[in-house]
Amino acid sequence: MENFKGFGSKFFAGNRAELKARFGGDPIIITGNGLLQKTRDDDAFAFQQSANFWYLTGINEPDMVLVMDASEEYIILPKRDARFEVFSGGFDSLKIARLSGINTIYSNQEGWRRLAGTLKTVRQVGTFKPEPEYDRIYNVYTNPAARRLVKRLKNVNKNLSLADLRPELADMRSIKSEAEISAIKYSIDHTVEAYSLISKNFAGYKNEREIEAELICYGAKHGLNQAFSPIVANGQNACTLHYHQNQAGIDKKQITLLDIGYSTNGYCADLTRVICPEPSNRQEAVYSAVLEIQTYALGLLKSGTIPREYEKQVARFAGEKLRELGLIGDVNPKSVFKHFRHRTSHFLGIDVHDVGDYSKPLASGMVLTVEPGIYIDEESIGVRIEDDVLISEKGNEVLSKNLSRRIEPG
C-alpha cells in the first residue's frame, strides 16, 4: 500500500488562486463550519469542517473566516473567551499559517474592523449561499455558520450584493488532481484491507455491532477517519438503504451487507459488499443480477458520458434483470424503483456524496461510485455492490479492483 504524505500549503494556495481568477476582483469572504451543541452542557458534537472551506485553506478548526481579494488574503479567528480556551485550548496561528499558506491572521476584533472598512466600499462579495435552516429531504438541521456570516456582512453594509461561489467550487472540486486521487486511493486501499479482515473473521461475529467495532478499531489503529457511519446490515436490515443501528444479531443464512469507507486528509472511500457463508440459489441469483448490472454500468462510464442519461440506461438494464428474477412484469420506472431504489453513481471526493453536475458530461479526473442494488423486502434480501471509479478519456479505472467480489466470506 502506497503511503500518502498529505497536502502541502501549495495545494490550498493554488485552489484559492483559481477561485479568485474565476470570480474576478471582488472580495471573497467565506466561513468554515461552527461547533454544534450536543446537550445542555458545553460538550459539542465531533467537528466536521465545511468541504469548501477545507479545500481552500486546509484548516480544520471551527468558525474561521477567510477573506481574499486581488491584493491580500487573511484569516479572521473566531471570538473565544478565556473559559473556552481553558477547556478546549486556543488557536495555533503558526500552524494555521503553515497549513494554509496564509500568513496574515487577525484576532476577531481586529479582523472584522479591517473587513468592515472594505465592505463599506464595495457593492458585491463572493460567499456561500446559506442552506435552509432545515433540510426537508434528509430531515436534518444544517450548520448555521454561513447564515451567521451573511447576517454579519449585511449588518455592515445592508446594500451588499452576495454572489454564491458554490457553483464555481463544485466545478473546481469535481476534477481531482493527482494528489487528491492519491488520497482517495489510500482511503480505498485501507477500506479494502478492513473489508478483507471482516470477511476472514466473519464466522466469529454474532452481532452487527461487533463488525462495526472492528471497523472503528482498524481506523483508529491506522490514523483514519470514518468517511461516514458504517452500515452493517444483516437480512431484512439490508433493505434499509441507510441503516445505521448496527445492533441486530447476525443470521449466517441471511445476507450481511457492509457499506464502509475511511477518509484520508478529508478524501473518502465508499465501498459496499455483501457476505453470505452458504448462499441459497435465490440469494446467488440476486447477487449475480446486481453484478451484471454493475458490469453493464462500468461499460458506460467514460469521459463524455452524461450521468443523467447513464442512470436511465442502467435503470432500464436493471429492469430486465428484475423481470428475469420474477420481481416485475413490465419494465417501467415505477415497477423498477420498487426494487432498484437509488441512483447507481454519485461523485466522490471530500464529501462522500461529492459535488458535481449530473447534467453535464463526465471528464477525466472525476471520481464516482458505481453501486447498483436490488432490495426485496418480502424475501429479506438486500444486495448492493459498490466500487469507486476514476474517469479517463478512454473509459475508467476501478480504483477498488482489489476488493473481492465473492459472496462467500474468506
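Only heavy atoms go into these numbers, but all of them, side chains included; no hydrogens, no water, no symmetry mates.
- The backbone N or O of G410 lies less than 3.5 Å from a partner atom in the side chain of S199, making a donor-acceptor pair.
- Using a cut-off of 4.0 Å between Lys/Arg side-chain N and Asp/Glu carboxylate O, R22 and E18 are scored as salt-bridged.
- Contact check for F91 versus I105: no side-chain heavy atoms found under the 4.5 Å cut-off.
- Interatomic distance, F53 CZ to D63 CG, rounded to the nearest 0.5 Å: 9.5 Å.
- How far CD1 of I275 is from CD1 of I255: 11.0 Å, rounded to the nearest 0.5 Å.
- Here the side chains of D26 and V122 are not in contact, with every heavy-atom distance at 4.5 Å or above.
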Would T295 and E292 count as a side chain to side chain donor-acceptor pair (under 3.5 Å) here? Give the steps.
CA-CA 5 Å; T295 300; E292 286 185 59; over 6 Å; no
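- In this structure, the separation between CG on L390 and NZ on K176 is 10.0 Å, given to the nearest 0.5 Å.
- Using a 3.5 Å distance cut-off with no hydrogens or angles, the side chains of Y310 and S345 do pair a donor with an acceptor.
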Is there a side-chain contact (heavy atoms from CB on, under 4.5 Å) between I59 and I75? Walk through the geometry before answering.
CA-CA 10 Å; I59 299 171; I75 294 287; 3.9 Å; yes
Apply the test side-chain contact (heavy atoms from CB on, under 4.5 Å) to residues T256 and F202: give CA-CA distance (whole Å), side-chain angles for both, the deciding distance (0.1 Å), then the verdict.
CA-CA 10 Å; T256 299; F202 188 75; 3.6 Å; yes
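- Other residues, nucleotides and ligands contribute at most 12 non-hydrogen atoms within 6.0 Å of the NZ atom of K129.
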Is there a side-chain contact (heavy atoms from CB on, under 4.5 Å) between R384 and L257 once you walk through the steps?
CA-CA 7 Å; R384 183 163 66 250; L257 183 150; 3.5 Å; yes
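- Checked for salt-bridge contact, E311 and R308 miss the test: no charged N lies under 4.0 Å from a carboxylate O.
- Using a 30° and 60° split on the angle between ring planes, Y267 and F7 fall in the tilted class, from 30° to 60°.
- Heavy-atom contacts from other residues, nucleotides or ligands closer than 6.0 Å to CZ of R209 number 12 or fewer.
- Here the side chain of D164 pairs a donor or acceptor atom with the backbone of R166 at under 3.5 angstrom.
- Within the 3.5 Å criterion, the main-chain N or O of R406 finds a donor-acceptor partner in the side chain of S404.
- In this structure the side chain of I231 reaches within 4.5 angstrom of the side chain of H244, judged on heavy atoms.
- A cation-pi contact, defined as under 6.0 Å to the ring centre and within 45° of the axis, is absent between K252 and Y205.
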For the pair Q236 and S380, evaluate side chain to side chain donor-acceptor pair (under 3.5 Å) and give the outcome as yes or no after the intermediate values.
CA-CA 4 Å; Q236 183 67 41; S380 295; 2.9 Å; yes
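- At distances below 3.5 Å, at least one donor-acceptor pair connects side-chain atoms of R16 with backbone N or O atoms of L56.
- Within a 6.0 Å sphere centred on OH of Y138, other residues, nucleotides and ligands contribute 12 heavy atoms or fewer.
- Distance check, rounded to the nearest 0.5 Å: CD of Q294 to OG1 of T344 gives 9.5 Å.
- In this structure, K20 places its NZ atom where more than 12 heavy-atom neighbours from other residues, nucleotides or ligands lie under 6.0 Å away.
- Heavy-atom neighbours of E408 CD from other residues, nucleotides or ligands within 6.0 Å: above the threshold of 12.
- Within the 4.5 Å cutoff, no side-chain heavy atoms of N15 are placed close to those of T57.
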Does the side chain to side chain donor-acceptor pair (under 3.5 Å) test come out yes or no for T264 and S187, once each step is laid out?
CA-CA 6 Å; T264 303; S187 296; 2.8 Å; yes
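- Between R123 and L160 there is no side-chain heavy-atom pair separated by less than 4.5 Å.
- Within a 6.0 Å sphere centred on CZ of F47, other residues, nucleotides and ligands contribute more than 12 heavy atoms.
- Counting only distance, with no hydrogens or angles, the side chain of E208 and the backbone of A248 share a donor-acceptor pair below 3.5 Å.
- Ring-plane geometry between W54 and F12 is classed as perpendicular, the angle between the planes exceeding 60 degrees on a 0 to 90 degree scale with a lower cut at 30.
- For Y218 and H190, the gap between ring centers is short of 6.0 Å.
- The existence of a salt bridge linking K321 and E324 is confirmed by a sub-4.0 Å separation between a basic side-chain nitrogen and an acidic carboxylate oxygen.
- Around CD of E133, the count of heavy atoms belonging to other residues, nucleotides or ligands within 6.0 Å does not exceed 12.
- Remark: E72 engages R114 in a salt bridge, criterion side-chain N to carboxylate O under 4.0 Å.
- Using a distance-only test at 3.5 Å, with no hydrogens or angles considered, a donor-acceptor pair links the side chain of Y262 to the main chain of L215.
- For the pair N52 and R173, the minimum side-chain heavy-atom distance is below 4.5 Å.
- The shortest side-chain heavy-atom distance between F347 and L362 falls under the 4.5 Å cut-off.
- Seen from the ring of Y358, R343 counts as a face-on cation partner, given the 6.0 Å and 45° thresholds.
- Under the 3.5 Å distance criterion, the side-chain polar atoms of D388 are left unmatched by any main-chain donor or acceptor of L399.
- The main-chain N or O of E393 is found under 3.5 Å from a side-chain atom of S364 such that the two form a donor-acceptor pair.
- Although no hydrogens or angles enter the test, the distance criterion places no donor-acceptor pair under 3.5 Å between the side chain of D330 and the main chain of N332.
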Checking salt bridge (Lys or Arg N to Asp or Glu O under 4.0 Å) for the pair R113/E110: CA distance, chi angles, key distance, verdict?
CA-CA 5 Å; R113 182 169 58 244; E110 184 180 5; 5.2 Å; no
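- Two residues are said to be in side-chain contact when any heavy atoms from C-beta on lie closer than 4.5 Å; L241 and R341 meet this criterion.
- The main-chain N or O of H346 is found under 3.5 Å from a side-chain atom of T369 such that the two form a donor-acceptor pair.
- With a 6.0 Å radius and a threshold of 12 heavy atoms from other residues, nucleotides or ligands, N139 has its CG atom above the threshold.
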